[in-house]
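Here is the structure we will look at, set down as structure tokens.
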Amino acid sequence: MTVTLKNGVLDPQGKAIEGALGSLGFSGVGHVRQGKVFDIEVDGADKAKAEADLKDMCEKLLANTVIENYAISLD
Amino acid sequence: MKSAVVQLPGLNRDRDMIAALTKISGRAPITVWQTETEIPDVDLIVIPGGFSYGDYLRCGAIAARMPVMQAIREKAGQGVKVLGVCNGFQILVEAGMLPGALMRNSSLKFVCKEVKLEVVNAETDFTRAYEKGQVIRCPVAHHDGNYFVDSDLLSSLEDNGQIVFRYAEGTNPNGSLSDIAGVMNRDGNVLGMMPHPENLIEAAHGGSDGRGIFASALDVVAATA
């Protein structure tokens, strides 16, 4: 799961990273947004159920949906 | 008036809060541990400041999902007053009991200083010891106090008088939207604020500007005026 700040929400950490990349000499760096990645192992073979559970986890704990978006990818 | 102070691992302002409540109400608050599912009969529940669960995931996020929070939610639904200070405010926001979110300070630095607060709404259970527009001093100490709500919610907070405190005179320490320092719920019985009024209640603290919040909530305004 990847959790990132929504557009329009100021991300001071992303801004600081953006500045640091610039001072390292990387040119052409646009907007930087900082987020979080969660690797979660889920038991069972039912992909649909796993996806539904993971979505529930994001809504209830992993993301603060007032300020954050989340994306789920299953392997 | 009886009060309770919630205790969770990582909170460290509970002792200051217990001292403030004891001094102002004349009786010691009950302490309630995070695993408790029932809260005794009290008039005011306080969630103090600190770093519950080491601020893991997001400040207050883990604490907000502990059993005691369900009990607090039920009490709040019955009209019991709930005050969250600093991490307590973050916990109430994470628990969905107050609107908005508290993000990293725009400076990216921990701030520990004194600020000025404007009492925006003096007609609440927590602020009736003050006058509307009054500016008081109050200490702050936090890393994530940058309050955010979307623009629709901001106007509804303003329209409903839910913005209780604003940082005044250019002292906004964290980039908080619209200088918001404290908000309450729609029913007016749950207040969250980043500053620490419990640390400015007597001469030894260098002033007693914060005392009125507890005097109001504990209904002892006349006694301390």
Side-chain angles (χ1 to χ4, degrees), chain A residues 1-27 29-44 49-75, chain B residues 52-53 55-67 69-70 73 87 89-111 142-154 156-157 162 172-180 183 185 192:
Chain A
M1 270 98 90
T2 313
V3 174
T4 48
L5 282 172
K6 288 181 178 173
N7 280 331
V9 175
L10 180 72
D11 176 7
Q13 295 177 101
K15 280 263 174 260
I17 295 164
E18 200 177 301
L21 289 173
S23 52
L24 283 173
F26 290 104
S27 58
V29 174
H31 233 44
V32 177
R33 311 282 283 169
Q34 181 178 308
K36 294 177 187 139
V37 175
F38 301 91
D39 278 327
I40 299 189
E41 292 178 13
V42 190
D43 290 337
K49 180 183 181 303
E51 187 156 13
D53 284 349
L54 291 169
K55 185 168 186 298
D56 218 20
M57 290 176 207
C58 284
E59 292 281 341
K60 287 188 176 152
L61 178 64
L62 300 178
N64 177 348
T65 53
V66 176
I67 48 170
E68 292 169 330
N69 289 321
Y70 61 87
I72 299 169
S73 74
L74 278 174
D75 291 330
Chain B
S52 59
Y53 287 89
D55 284 346
Y56 293 169
L57 187 61
R58 296 176 305 274
C59 297
I62 309 288
R65 276 94 183 156
M66 288 296 123
M69 290 309 297
Q70 187 51 35
R73 192 177 283 113
N87 195 206
F89 183 15
Q90 294 163 339
I91 293 169
L92 287 171
V93 162
E94 277 285 343
M97 292 175 64
L98 287 174
L102 288 151
M103 309 192 351
R104 183 56 41 109
N105 295 346
S106 58
S107 64
L108 297 176
K109 293 193 173 87
F110 189 95
V111 289
H142 60 252
H143 208 165
D144 297 74
N146 183 353
Y147 187 78
F148 176 85
V149 276
D150 65 36
S151 54
D152 289 348
L153 197 48
L154 178 64
S156 97
L157 292 181
Q162 288 175 255
N172 183 341
N174 52 37
S176 183
L177 184 74
S178 192
D179 295 327
I180 291 171
V183 295
N185 64 344

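Only heavy atoms go into these numbers, but all of them, side chains included; no hydrogens, no water, no symmetry mates. Residue numbering restarts at 1 for every chain, and letters A, B, ... go by the order of the sequence lines.
- For the side chain to side chain contact (heavy atoms under 4.5 Å, CB included) with B/M103, the qualifying choice from A/V9, A/D11, A/N64 is A/V9, the only one to do so.
- Here the side chains of B/L57 and A/L61 are in contact, with some heavy-atom distance below 4.5 Å.
- Looking only at heavy-atom pairs under 4.5 Å with chain B, the residue among A/V3, A/L10, A/L62 that has the most is A/L62.
- In terms of heavy atoms, A/P12 sits closest to B/S106 at CB-O, 3.8 Å.
- Counted within 6.0 Å of OH on B/Y56, heavy atoms from surrounding residues, nucleotides or ligands total 12 or fewer; the atom is thus considered open.
- Only the side chain of B/R65 comes within less than 4.5 Å of a heavy atom in chain A; its backbone stays farther off.
- Counted within 6.0 Å of NZ on A/K36, heavy atoms from surrounding residues, nucleotides or ligands total more than 12; the atom is thus considered enclosed.
- Neither the backbone nor the side chain of B/D150 comes within contact range of chain A, judged by heavy atoms closer than 4.5 Å.
- Comparing A/K15, A/K6, A/E68 by heavy-atom pairs within less than 4.5 Å of chain B, the highest count is held by A/E68.
- Residue A/K60 touches chain B through its backbone alone, counting heavy-atom pairs closer than 4.5 Å.
- Using a 4.5 Å heavy-atom threshold, the side chains of B/F148 and A/L5 count as separate.
- No side-chain heavy atom of A/Q34 sits less than 4.5 Å from a side-chain heavy atom of B/R104.
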